[in-house]
Colleague: 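I'd like to ask some things about the structure below.
Computation of the quantities below employed the complete heavy-atom set of this structure, encompassing side-chain atoms and omitting hydrogens, waters and symmetry-equivalent molecules.
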Amino acid sequence: MTDQAQSLLSTIGGPQDLKALTPEQLTVLGAEIRDFMIAKVARTGGHIGPNLGVVELTLAMHRIFDSPRDRFIFDTGHQAYVHKILTGRQRGFDLLKQRGGLTGYPSRAESEHDLVENCHASTALSYADGMAKAYALRGERRHVVAVVGDGALTGGMCWEALNNIAATGNRLVIIVNDNGRSYAPTIGGLADHLASLRLNPAYEKVLELAKDALEKAPLVGKQLFDTLHAVKKGIKDVVAPQAMFEDLGIKYVGPVDGHDQAAMESALTRAKRFGGPVIVHAVTHKGHGYAPAEQDEADRLHAPGAFDPETGKPLAAWSLKWTKVFADELVAIAGERPDVVGITAAMPESTGIDKLAAAYPDRAFDVGIAEQHATTSAAGLALAGLHPVVAIYATFLNRAFDQVLLDVALHKLPVTFVLDRAGITGPDGPSHYGIWDLSILGVVPGLRVAAPRDAETLRTSLREAVAVDDGPTVVRFPTGSVPAALPALRQVGSVDVLAETSESNDVLLVTVGPFAHLGVQVAAELAKRGFGVTVVDPRWVRPVPVELVQLAGSHKLVVTIEDGVRNGGIGDAVARLLRDHDLDVPLRDLGVPARWIDHGTRAEILAEVGLTVTDVTERVGDWIEALSVPAKPGLSSVSRG
């Protein structure tokens, strides 16, 4: 990094400081921004690859448009780091994705330049369509600029939005950040001239006049116009691959070299002047300008943890991850059962489906960012006699609830959903917490949910899930490293008993998934206070095993502990089970409150919501002691904590 670059970045307090920079200064600034991001993200982890690819593109946006009057939306928001740097948030990168620091996505709380906390893909164009309509109705001459990755265009919402955007004609610029396919950028004077021509409003007026005149001519008028229009369109298609978008009725410019500052600014200037919806097709390279990212064949250092900035190698020591356990077991099962296939929604490496694809290429399907399609396609596979395993992040399954309910469960189809990153995931923030699945899936008739606590129960649960042939199943597990094995002392039906501290049977702790480890630790602490605790793990938590009724009936208090929202969670389900069996035993449920929780580490967030060993021990101890106090009349003994 040069002294000039350092001093140049220090002068950028906001987008207004970019307007007067020379081409030479912009080149220096771009290199310095890359150096800045590499140095900062290497310490905290984050989405480095995507942001290295949008430096010039983002600089061009801020030089041609006037944020925040002109509104920027990034899809997905993980490519907004450069935007944050240019809008006065450089200092915040010291705590990127950490408690009290910058989020990894646009944040309305951080800046007036951020409008949409766009963390799930394929939504930006729908936001943009609505905003552009509103500005048009209010007579405001403002532009909406949506940056959409080519991956996001695999999502159905993008095409629903494009269909509506084409019909309105409002001021909306769509930048397609294409870093997945290698189009040859259009270069040269002819291409630039043609792009300028077709984005000139007068050009469209001439076409309309010609069309009106020719269609009024006898016999050959319409045919002649159609021929001329076909010739015009044929010339343009030779120059640029635009037919797909212009067939929708949206003007197109490109492809443009997304790392050519002048070319990007020229394209955006023409798009801005047109005054209607325009697609600017920018070809970029993920990880551009950083050799370790460019050489990473897997994902161009998409979202690493802390890494060595010189080599790009991760700093964390290796540990066994939940995803690897699942991926290896799925491959083993597929080797035994030719009917088992895998589906992922644009995340083969992140979900482990890449291992299945390597072993059985014809039996792994990546459908793009299309969770709804993935679910109903899985239903089709099941209808045809296969057993699909849909591997997806827990937060993303929310988008396909209707398909799970009516396309899969209604037909009692054998589809297994494997939910990675379930529960509190931490640094990516509330949009990525997998805390909703246990609640929303609880209303699906016939669906069974397993929550393994360690590697062995994950393997067992997965095998049990794919053995089910009369309805859908779910296996959910958190992010990160797998905890130590926690074997059962004994079983009561399908329920694992993990700890029994005495025969006094003061409290039954019903734990969900990895919280089994927390439950055993809590039991040990409560035993020091003289309380008798039994810790159980149902493993299959929906429907709640009926054996819990017998276990609950022999204890003075039941406490459930889960890594999901309390509203409609497993605690509610256990309480309902006890009521249905007329069992009058006090129940308290511990879980995640149904509110938006700021980003931070998993440990920090669990401490905030009171799901630590110390917190749970204190609360359960207090509840046991309070049982000696007579309950007030009219209060149910099956209640919430």
Colleague: Donor-acceptor pairs are to be reported for all side-chain atoms of residues 424-432 against protein atoms at under 3.5 Å, with residues two or more places apart or in another chain.
Modeller:
unit_1 : atom_1 : unit_2 : atom_2 : d
T425   : OG1    : H432   : O      : 3.1
D428   : OD1    : K97    : NZ     : 3.0
H432   : NE2    : Y105   : OH     : 3.2

Colleague: From S67 OG over to L115 CG, what is the distance, rounded to the nearest 0.5 angstrom?
Modeller: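 With rounding to 0.5 Å, OG (S67) is 9.5 Å from CG (L115).
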
Colleague: Would the H143 and Y135 ring centres measure less than 6.0 Å apart?
Modeller: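 That pair fails the under 6.0 Å test.
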
Colleague: Should E140 and R171 be marked as a salt bridge (Lys or Arg N to Asp or Glu O under 4.0 Å) after you check the CA-CA gap, both sets of side-chain angles, and the distance that decides it?
Modeller: CA-CA 10 Å; E140 299 181 26; R171 297 175 182 273; over 6 Å; no

Colleague: Could you grab the distance from atom CD1 of I85 to atom CZ of F93, nearest 0.5 Å is fine?
Modeller: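 One finds 4.5 Å between CD1 of I85 and CZ of F93.
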
Colleague: Say whether D17 and T11, considering side chains only, have a donor N or O and an acceptor N or O under 3.5 Å apart.
Modeller: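 No, T11 and D17 have no side-chain donor paired with an acceptor closer than 3.5 Å.
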
Colleague: Check for a donor-acceptor pair, side chain of N398 on one end and backbone N or O of T395 on the other, with a separation under 3.5 Å.
Modeller: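 Yes, N398 side chain to T395 backbone: donor-acceptor pair under 3.5 Å.
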
Colleague: Could you tell me whether the side chain of R476 and the main chain of G434 form a donor-acceptor pair under 3.5 Å?
Modeller: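 Yes, the answer is positive, given that a donor and an acceptor are paired below the 3.5 Å cut-off.
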
Colleague: For V82 and L52, run side-chain contact (heavy atoms from CB on, under 4.5 Å): C-alpha distance rounded to whole Å, both residues' side-chain angles, the deciding distance at 0.1 Å, then the answer.
Modeller: CA-CA 8 Å; V82 183; L52 291 170; over 6 Å; no

Colleague: Tell me whether E112 is salt-bridged to R69, with the criterion being a basic N under 4.0 Å from an acidic carboxylate O.
Modeller: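 No, no charged N to carboxylate O under 4.0 Å.
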
Colleague: Look at the side chain of Q25 and the backbone N and O of T22, then say whether any donor-acceptor pair between them is shorter than 3.5 Å.
Modeller: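 Yes; judged by distance alone, with no hydrogens or angles, the pair exists.
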
Colleague: Once the angle between the rings of H83 and H113 is folded into 0 to 90°, is it parallel (under 30°), tilted (30 to 60°) or perpendicular (over 60°)?
Modeller: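 Ring orientation of H83 relative to H113: perpendicular.
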
Colleague: Have K84 and T103 got a donor and an acceptor in their side chains that come within less than 3.5 Å?
Modeller: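 Yes.
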
Colleague: Report yes or no: do D114 and S107 form a side-chain donor-acceptor pair below 3.5 Å?
Modeller: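 Note: D114 and S107 side chains miss the donor-acceptor criterion.
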
Colleague: Under a 4.0 Å threshold between the charged nitrogen and the carboxylate oxygen, would E110 count as salt-bridged to R89?
Modeller: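 A salt bridge is present here (some side-chain N lies under 4.0 Å from a carboxylate O).
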
Colleague: Please determine whether a side-chain nitrogen of the Lys or Arg among K286 and E294 lies less than 4.0 Å from a carboxylate oxygen of the Asp or Glu.
Modeller: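 E294 and K286: not salt-bridged.
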
Colleague: In terms of side-chain geometry, is the basic nitrogen of R34 or E56 positioned less than 4.0 Å from the acidic oxygen of its partner?
Modeller: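 Looking at E56 together with R34, the answer is yes, because their closest N to O distance falls below 4.0 Å.
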
Colleague: Between R270 and S266, do the side chains contain an N or O donor and an N or O acceptor separated by less than 3.5 Å?
Modeller: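 Indeed, the side chains of R270 and S266 share at least one donor-acceptor pair under 3.5 Å.
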
Colleague: Salt bridge between K19 and D66, side-chain N to carboxylate O under 4.0 Å?
Modeller: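 Answer for the salt bridge query: yes.
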
Colleague: Parallel, tilted or perpendicular: which fits the ring planes of Y393 and F396, with parallel below 30° and perpendicular above 60°?
Modeller: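 Rings of Y393 and F396: parallel, under 30°.
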
Colleague: Between atom CD of E24 and atom CG of L29, what is the distance when rounded to the nearest 0.5 Å?
Modeller: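 Going from CD on E24 over to CG on L29, the span is 13.0 Å.
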
Colleague: For the atom pair CD (E32) and CG (L9), what is the distance rounded to the nearest 0.5 Å?
Modeller: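 Interatomic distance, E32 CD to L9 CG, rounded to 0.5 Å: 3.5 Å.
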
Colleague: Ignoring hydrogens and angles, tell me if any N or O in the side chain of D75 forms a donor-acceptor pair with the backbone of S122 under 3.5 Å.
Modeller: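 Yes.
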
Colleague: Would a distance-only check, ignoring hydrogens and angles, find a side-chain to backbone donor-acceptor pair under 3.5 Å from H599 to G101?
Modeller: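 Side chain of H599 to backbone of G101, a donor-acceptor pair under 3.5 Å: yes, one is there.
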
Colleague: I need the R421 CZ to M347 CE distance, nearest 0.5 Å.
Modeller: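 Separation between the atoms: 6.5 Å.
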
Colleague: Is any side-chain N of the basic residue among R602 and D563 closer than 4.0 Å to the acidic one's carboxylate O?
Modeller: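 So R602 pairs with D563 through a salt bridge.
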
Colleague: For residues N179 and H285, is any side-chain donor paired with an opposing acceptor at under 3.5 Å?
Modeller: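 No - no donor-acceptor pair under 3.5 Å links their side chains.
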
Colleague: Kindly check if the number of other-residue, nucleotide or ligand heavy atoms within 6.0 Å of CZ (R595) is above 12?
Modeller: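 Result for CZ/R595: enclosed.
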
